[in-house]
Amino acid sequence: MLTTRTRDSCGSSECEIEPLTSERIDAADDLFGLYAQSMEQGFGDGLPVLPPTEARVRSLIAATPWLPDDVVCMLPPRNGAATVERVAVNAALAGCEPDAFPLVIAALEAITVPDFNLFALTTTTSSVFPMIVVNGPSRGRLGIDCGPGCMGGAAGRGSMTIGRAVALCLRNIGGQRVGETSRSVFGQPARATGLCFGELEEDSPWPSLAQRRGFPVDDEVVTVHGGKGTFPIADLNTDDPGELLALIAKTIAYPMGNKFLEPTAANGQIVVAINPVWAQRLASAFPDVTSAQEHMLEHGWQPIEAWPARNRAILEEKGRVDGQGRVHVNERPDQFELVVCGGHGGLHAVCLPSWGESDMQSVAAVRAGDVSVQVTPAR
Amino acid sequence: MEILDPRVRFDEDGTSATFDLDTPLTGLNVGLRLDRSWRSYFVVIDEWKQRLTADGAQVHVLYTGERVGDEGERTRSDLDEWSRLVDCAVVGLGN
């Protein structure tokens, strides 16, 4: 990805002789008219859009080291070529600012890693959608919400535009359309607005998600997770951190979760967003995050009796029932990914349930002037 | 004002392609591929297998599993082997 060039260039994507090849649309001059036009012509998502003018699109491209015709990825379900230009047009539509655009590129690179299984995610009957967790030093600057309301309501520009840009790319470049290429029964809000939030690294007692996945602390990292929605968890009564974490693990192993539909528990991750107050409490018993994950594995199961007889037979046939009659939601501790974020009100966590057959992926964002970028000219 | 079109224009519509064999089924190796999680299709597969066999086809049913991780590697290997056996196939029966 992002190693192809279709012709020699004069270098910087700020070069004005690099033509933008997108077709032009004669758009209404006022934003209400543009909104109506986006709905009528099918390039919108139901939310108001901003005009992707050439100047705006060029400003986004200039924030990267890439040229307009560099191909980020092929986007399913219809394998549209996501050139940097096309991605920028959709990002402009979403209101993405140039400084945030490299994270859109990184997110698209991440979701098209084969083990993310994007074709399946974009066509399934499920509600699953790529959810984005951001780590690194640019979160505040870009308006990536990490604190109160980080999953909706805080209204940071980065949070509200990066995920939406990815969603628009899937619609307009990948051809994901409900009732046509997507068989999603319900969808979910993130399919329009995206879901993009940051880890509250400053308040976390553990290494960040990006660090745990092998990235230096100063990297801007986008991690994508195929999440089925936001599943709220609340507790007023449990003081003991071990009991609290066990209860969380038991709660997220709900019987009608996708993880129990799969032949094995080996694939996919379950993301649990932990508020910073609970994180400190949990860390008092689990100073090492892997010990917390092991504890969750120990308690993240349901007894086979939780299912009706017919379902039990299927789970047994799949080999999902252990010798103690337990059906585990995950096979390994590292499949429980704890992300510290949210407000200091305590009381709450949020689970981003796994779709199952999709493994979390992480990519570091690359910016214009990044000397580490190696580009292979096209043959 | 002028804006850039955010869409890729696809040449054909988004429906699944269909094909005509233009040949009798006798002696043909026909594949039926099913995601084993979708148990409702088991009934469909049984019915189709009977009818195809009655029409002279040699039917090869493949039940696939997961698509990522180690299981995914096994699934791809099974698909590769199965695809060499068949002259034509019905796929996409699943999620």
Side-chain angles (χ1 to χ4, degrees), chain A residues 20 22-29 34 37-38 41-43 49 51-54 56-57 75 77-82 85-86 88-90 92-93 114-117 119-120 123-126 168-169 171-175 177 180-181 183 261-264 266-268 314 318 356-359, chain B residues 1-19 31-49 60-83 86 89-95:
Chain A
L20 300 184
S22 301
E23 288 184 25
R24 275 27 179 193
I25 296 174
D26 190 19
D29 283 335
L34 177 63
Q37 197 172 359
S38 76
Q41 295 186 15
F43 60 82
V49 294
T53 61
E54 177 156 343
R56 191 73 193 152
V57 170
L75 274 180
R78 302 194 70 186
N79 283 332
E85 177 182 335
R86 280 197 184 123
V89 176
N90 281 279
L93 209 58
D115 272 359
F116 191 74
N117 202 6
F119 178 84
T123 54
T124 180
T125 54
S126 168
L168 282 165
C169 286
R171 287 179 70 89
N172 287 326
I173 304 174
R177 297 286 170 150
E180 299 174 19
T181 51
R183 295 304 178 183
L261 299 178
E262 301 299 329
T264 80
N267 293 324
I314 293 169
K318 289 179 179 177
E357 283 192 64
S358 172
D359 277 336
Chain B
M1 65 180 145
E2 184 182 83
I3 62 172
L4 276 61
D5 191 337
R7 297 166 293 183
V8 167
R9 303 289 190 155
F10 297 103
D11 289 335
E12 56 292 320
D13 66 32
T15 56
S16 298
T18 57
F19 303 95
L32 300 174
R33 184 201 141 209
L34 169 65
D35 182 333
R36 74 165 70 97
S37 295
W38 282 72
R39 306 180 72 83
S40 54
Y41 280 112
F42 288 12
V43 174
V44 174
I45 289 282
D46 283 346
E47 182 68 23
W48 287 356
K49 186 176 177 181
H60 305 268
V61 179
L62 177 67
Y63 295 93
T64 52
E66 300 214 25
R67 285 159 280 185
V68 298
D70 292 341
E71 273 284 328
E73 288 298 324
R74 272 190 283 279
T75 295
R76 281 185 283 280
S77 173
D78 290 346
L79 271 169
D80 190 51
E81 188 182 328
W82 172 82
S83 68
V86 300
V90 180
V91 299
L93 301 173
N95 186 25

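Numbered from 1 within each chain, the chains take letters A, B, ... in sequence-line order. Model, not experiment: these values are computed from the prediction.
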Can a donor-acceptor pair be found, under 3.5 Å and without considering hydrogens, that links the side chain of [X] to the backbone of [Y]?
X: A/D29; Y: B/M1; value: yes
X: A/N267; Y: B/V68; value: yes
X: A/E357; Y: B/R67; value: yes

Please classify the contact of [X] with chain B as side chain, backbone, both or neither, using a heavy-atom distance under 4.5 Å.
X: A/Q41; value: both
X: A/L20; value: side chain
X: A/A88; value: neither
X: A/A266; value: neither
X: A/L34; value: side chain
X: A/A82; value: neither
X: A/I173; value: both

Using side-chain heavy atoms (C-beta onward) and a distance below 4.5 Å, is [X] in contact with [Y]?
X: A/T181; Y: B/F10; result: no
X: B/P6; Y: A/R86; result: no
X: A/R24; Y: B/L4; result: yes
X: A/I314; Y: B/R39; result: yes

Would you find more than 12 non-hydrogen atoms of other residues, nucleotides or ligands less than 6.0 Å from [X] atom [atom1]?
X: B/K49; atom1: NZ; result: no
X: B/Y63; atom1: OH; result: yes
X: B/D70; atom1: CG; result: no

Residues which pass side-chain contact (heavy atoms from CB on, under 4.5 Å) with A/P263, listed by chain and number, not counting sequence neighbours: B/R36, B/S37, B/E66
Straight-line distance of A/I25 CD1 to B/D5 CG, nearest 0.5 Å: 3.5 Å
Side chain from CB out, backbone as N, CA, C, O: work out which of these in B/E71 comes under 4.5 Å of a heavy atom of chain A, or both, or neither.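 The side chain, not the backbone.
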Under the 6.0 Å and 45° cation-pi test, does B/R7 pair with A/F43?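 Cation-pi check for B/R7 and A/F43: fails.
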For B/V8 and A/A81, work out which heavy atoms get closest and say how close.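 So the minimum-distance heavy-atom pair works out to CG2-O, 4.3 Å.
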